[in-house]
**Student:** 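Following this message is one structure expressed as structure tokens.
Positions are given from 1, in the same order as the sequence printed here.
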Amino acid sequence: MKSISFISLILSVFFGLILMILTTGCETTPTEVEKYEKEAVLTAFLTNGEPVSEVFLERIASIFDRYDFSDAAITGADIKIFDLNGSDTLHFQDDPVSHGRYIPVAGDTLIPLGKHSYRIEASIPNGEFLWSETVVPDAFTSLDIVLIDEDGTFYPVSSGDTLTRNDPYMFWRWSSVDSAGGYLGLIVAETPRDSLVPLDPNWDPNDPDDEIEDENRERSGDMIMRNDATTVSVPWIFFNWEGPNRIELRAISHSYYEYKFSLMRVEMGMLENPIFNINGGLGIFAGSSKVGMIVYLKRVEEQ
């Protein structure tokens, strides 16, 4: 999840600052931008039933500099996550391989539980203190994926099935999850980026004009639904690549729903920045539970 949310978070903040510059109508850099305090960004996700493995802490980069995570990384912070409904506490230490990434202290483990509230605290050596709280949604009791033909015939989809874009319409159906603030649907191509084959029937691997640029090799896509949703129609356009694809539905905490929904409004120009839930800085601390399966997409040649 980190790749979907963390990078988007940084880019969205940059976008907001750029808007602030463009709307001033001044030829010189506004004073508020020159004096902008580079805030700390804390990012952590909890998944129901899975050990917490990492936390990221960095400082927002200047819009005038090229972003480099290693340069923006904050090291030496005291970070911990603890269960507000119990006594479990997880302490973190600097990852010696990747600065700005924090990993659990040896011997410490925390497996988030559904319907429990958790708090993260980060004390930075210069005196900054960041904190946030989130609830981890309960586990899913069901997820049914079906194909429905135009005559109303249902075709259940099981893990390992092979599908094509010519199949009937796809629908996901699930039972409501306790403590969910919303739902996030994910489709992720499991093939390595450099080996991706498009499902487009017109794609010709031998045609130089059909060469796939690196920026177009996006392996994942997502869609967000409200917390009262229990079904969604999934267009085949969400599946872009041949081979194994992971279908995943996540029940997400309210703070993460607000963050993801605000990102869409940023992209539409309705907001300058996403809605964060980190006190004392920027970033997101969120909980989720997940369920899913692997299906195989087969490319259909043009008739």
Side-chain angles (χ1 to χ4, degrees), residues 1-2 4-6 8-9 39-57 74 77-93 101-105 107-124 128-143 174-186 222 224-230 248-263 273-292:
M1 189 175 282
K2 181 246 177 186
I4 297 174
S5 309
F6 184 71
S8 298
L9 183 155
E39 296 178 89
V41 182
L42 180 64
T43 306
F45 295 99
L46 308 181
T47 302
N48 188 335
E50 296 186 3
V52 182
S53 61
E54 60 187 11
V55 170
F56 293 87
L57 182 61
I74 298 175
D78 180 12
I79 301 177
K80 62 182 177 182
I81 295 175
F82 53 94
D83 187 344
L84 292 174
N85 302 98
S87 57
D88 290 340
T89 299
L90 181 62
H91 296 273
F92 292 85
Q93 62 186 6
R101 179 176 185 259
Y102 289 75
I103 56 177
V105 170
D108 274 12
T109 302
L110 176 64
I111 300 178
L113 302 174
K115 300 188 289 184
H116 279 226
S117 297
Y118 294 86
R119 180 181 173 102
I120 187 171
E121 294 181 353
S123 298
I124 300 175
E128 291 174 274
F129 179 69
L130 287 71
W131 67 274
S132 184
E133 295 178 359
T134 192
V135 176
V136 174
D138 204 1
F140 281 90
T141 57
S142 67
L143 170 62
W174 63 93
S175 299
S176 296
V177 174
D178 195 346
S179 301
Y183 297 94
L184 184 67
L186 292 167
D222 61 30
I224 190 168
M225 290 80 73
R226 299 189 330 182
N227 65 347
D228 57 352
T230 56
E248 186 172 289
L249 180 64
R250 287 181 174 260
I252 57 178
S253 58
H254 178 73
S255 57
Y256 193 47
Y257 175 83
E258 287 293 319
Y259 168 69
K260 290 291 292 183
F261 188 64
S262 67
L263 276 180
N273 295 307
I275 298 175
F276 305 112
N277 73 330
I278 300 294
N279 297 280
L282 305 175
I284 185 73
F285 178 53
S288 72
S289 62
K290 66 181 182 180
V291 64

**Student:** Please answer whether the main-chain N or O of Leu130 pairs with a side-chain N or O of Asn279 as donor and acceptor at a distance below 3.5 Å.
**Tutor:** no
**Student:** Locate the shortest heavy-atom distance separating Ile124 from Ala40; write the atom from each residue and the value.
**Tutor:** CD1-CB, 3.8 Å
**Student:** Is a side-chain donor or acceptor of Ser288 paired with a backbone partner of Ile252 at a separation under 3.5 angstrom?
**Tutor:** no
**Student:** When you check the side-chain N and O atoms of His116 and Asp83, is any donor under 3.5 Å from an acceptor?
**Tutor:** yes
**Student:** Between Thr89 and Ile81, is a side-chain contact (heavy atoms from CB on, under 4.5 Å) present by the stated rule, with each step listed?
**Tutor:** CA-CA 6 Å; Thr89 299; Ile81 295 175; over 6 Å; no
**Student:** Does Asp178 use its side chain to pair, donor to acceptor, with the backbone of Lys115 at less than 3.5 Å?
**Tutor:** no
**Student:** Check for a donor-acceptor pair, side chain of Asn48 on one end and backbone N or O of Lys290 on the other, with a separation under 3.5 Å.
**Tutor:** no
**Student:** Are the side chains of Leu84 and Glu133 in touch, meaning some heavy atoms are under 4.5 Å apart?
**Tutor:** yes
**Student:** When rounded to the nearest 0.5 angstrom, what is the spacing between CG in Asp78 and CZ in Phe129?
**Tutor:** 9.5 Å
**Student:** Tyr102: which residues meet the side-chain hydrogen bond (donor to acceptor under 3.5 Å, both in side chains) condition with it, sequence neighbours left out?
**Tutor:** Asp94
**Student:** Any chance you could lay out the side-chain contact (heavy atoms from CB on, under 4.5 Å) test for Val55 and Ile120, step after step, and finish with the verdict?
**Tutor:** CA-CA 10 Å; Val55 170; Ile120 187 171; 4.2 Å; yes
**Student:** Just to verify, which of Ile278, Leu282, Ile284, Ile74 counts as forming a side chain to side chain contact (heavy atoms under 4.5 Å, CB included) with Leu42?
**Tutor:** Ile278
**Student:** Taking the six-membered ring for Trp and the single ring otherwise, decide whether the centroids of Tyr257 and Tyr183 are under 6.0 Å apart.
**Tutor:** no
**Student:** Test side-chain contact (heavy atoms from CB on, under 4.5 Å) on Leu184 and Lys260; report intermediate values, then the result.
**Tutor:** CA-CA 9 Å; Leu184 184 67; Lys260 290 291 292 183; 4.0 Å; yes
**Student:** Can you tell me if Trp174 uses its side chain to pair, donor with acceptor, with the backbone of Ala229 under 3.5 Å?
**Tutor:** yes
**Student:** Please check: side-chain N/O of Ser253 versus main-chain N/O of Gly287, any donor-acceptor pairing under 3.5 Å?
**Tutor:** yes
**Student:** Identify whether the distance between the nearest side-chain nitrogen and carboxylate oxygen of Arg250 and Asp222 falls below 4.0 Å.
**Tutor:** no
**Student:** Cut-off 3.5 Å, side chains only: do Asp138 and Ser179 have a donor facing an acceptor?
**Tutor:** no
**Student:** Walk me through it: do Phe45 and Tyr256 pass the test ring-ring contact (aromatic ring centres under 6.0 Å, His included)?
**Tutor:** CA-CA 9 Å; Phe45 295 99; Tyr256 193 47; 5.4 Å; yes
